[in-house]
Amino acid sequence: MLNKYARAFFTRVLTPFATFLIRRGVSPDTVTLLGTAGVVAGALVFYPMGEFFWGTVVITLFVFSDLVDGNMARQLGRSSRWGAFLDSTLDRVADGAIFGGFALWYAGGGDDIALCAVSIFCLASGQVVSYTKARGESIGLPVAVNGLVERAERLVISLVAAGLAGLHKFGVPGIQYLLPIALWIVAVGSLVTLIQRVVTVRRESAEAEAAAEPGAVEPGAAESEAAESQPPASTPPESAAAEEKQKSQEQGSEAAK
């Protein structure tokens, strides 16, 4: 949902920075790798220690590399299958590090096994949500559904909540509860999205298989075949009488001869 609007906005905002990097000779793949390394470091160094504010600051500085590298590739005319593969693969790594950092905190200093489990569920469901679309498309299905909570929503909800929750260490009371609430929202939303995509793939698969059956015909073809198989229309009574009269006249003329 957010992808439709936020990606276009931030692409315009980050275009000057992408142009600057191109002029400095930086490649899109380098930006992808550095961005992922920054996200992983911010998540796995700061989050397990409960430093949610500073961890979110570091992650935010690097998470926009996902938009910058694509912008650079388009400007250079280098959009390729390899770039798309690398970008998608490292996105999964970054997502795993973020929710893994939450899980490590709740398994250790956070001391909350339930939220640790929710964090792990968010990690796993996010990977599966992405996989269902990729797998569906790989077998030739359009997977024409976005879903309630995609990657953009997962990141925005969890990172905003984590950053605000980190303000608790600066004396803001009660704000630390935002992160648990956000994790539950992401978990439920990811489950709904997974169900949406599975149902869509099941429907599209059934439609594709029905269209591919030997006896299946296209809607227009059935009407044409029905029209061709109909017997010729019978001669109206008036026409039959006229033909009979003409034959009688011909026979009379022949007899006269």
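- A single hydrophobic cluster is not seen to contain both I157 and I120; linkage of ILVMFWY side chains at heavy-atom distances under 4.5 Å, directly or through other members, places them apart.
- Y47 pairs by the ring-ring contact (aromatic ring centres under 6.0 Å, His included) definition with F52, F102, not counting sequence neighbours.
- Among pairs with a residue in residues 138-170, those fulfilling ring-ring contact (aromatic ring centres under 6.0 Å, His included) read F53-F170, at least two apart in sequence or across chains.
- Considering only residues two or more places apart in sequence or on other chains, L90 meets the side chain to side chain contact (heavy atoms under 4.5 Å, CB included) condition with T32, L33, T36, L86, V93.
- Panel note: side chain E137, backbone R135; no donor-acceptor pair is recorded below 3.5 Å.
- Under the side chain to side chain contact (heavy atoms under 4.5 Å, CB included) criterion, V160 pairs with V156, L164, sequence neighbours left out.
- Note that CG of L148 is 10.5 Å distant from CG of L191, once rounded to the nearest 0.5 Å.
- For the salt bridge (Lys or Arg N to Asp or Glu O under 4.0 Å) condition, no pair includes a residue of residues 139-148, sequence neighbours left out.
- Under the side chain to side chain donor-acceptor pair (under 3.5 Å) criterion, the residue pairs touching residues 184-202 are E150-R197, with sequence neighbours excluded.
- Looking at residues two or more places apart in sequence or on another chain, you find a ring-ring contact (aromatic ring centres under 6.0 Å, His included) between F64 and F10.
- Comment: R151 engages D66 in a salt bridge, judged by a side-chain N to carboxylate O separation of less than 4.0 angstrom.
- For the pair T132 (side chain) and V129 (backbone), a donor-acceptor distance under 3.5 Å is present.
- For the side chain to side chain donor-acceptor pair (under 3.5 Å) condition, no pair includes a residue of residues 99-110, sequence neighbours left out.
- Here salt bridge (Lys or Arg N to Asp or Glu O under 4.0 Å) pairs that include residues 183-194, with residues two or more places apart or in two chains, number zero.
- In this structure, CG on L179 lies 8.5 Å from OG1 on T56, to the nearest 0.5 angstrom.
- The two atoms that bring C122 and L183 nearest to each other are SG-O, 3.4 Å, heavy atoms only.
- Residue pairs meeting the salt bridge (Lys or Arg N to Asp or Glu O under 4.0 Å) criterion with at least one member in residues 104-128: none, sequence neighbours excluded.
- To the nearest 0.5 Å, atoms CG (L21) and OG (S27) are separated by 10.0 Å.
- Closest approach of G83 and D29 over heavy atoms only: CA-OD1, 4.5 Å.
- Every residue two or more places apart in sequence or in another chain that forms a side chain to side chain contact (heavy atoms under 4.5 Å, CB included) with N71 is listed here: T11, T15, A18, R74, Q75.
- Sorted by first and then second residue, the pairs that involve residues 45-55 and meet salt bridge (Lys or Arg N to Asp or Glu O under 4.0 Å), not counting sequence neighbours, are E51-K169.
- Atoms CG and CG, from L67 and L14 in turn, are 6.0 Å apart once rounded to the nearest 0.5 Å.
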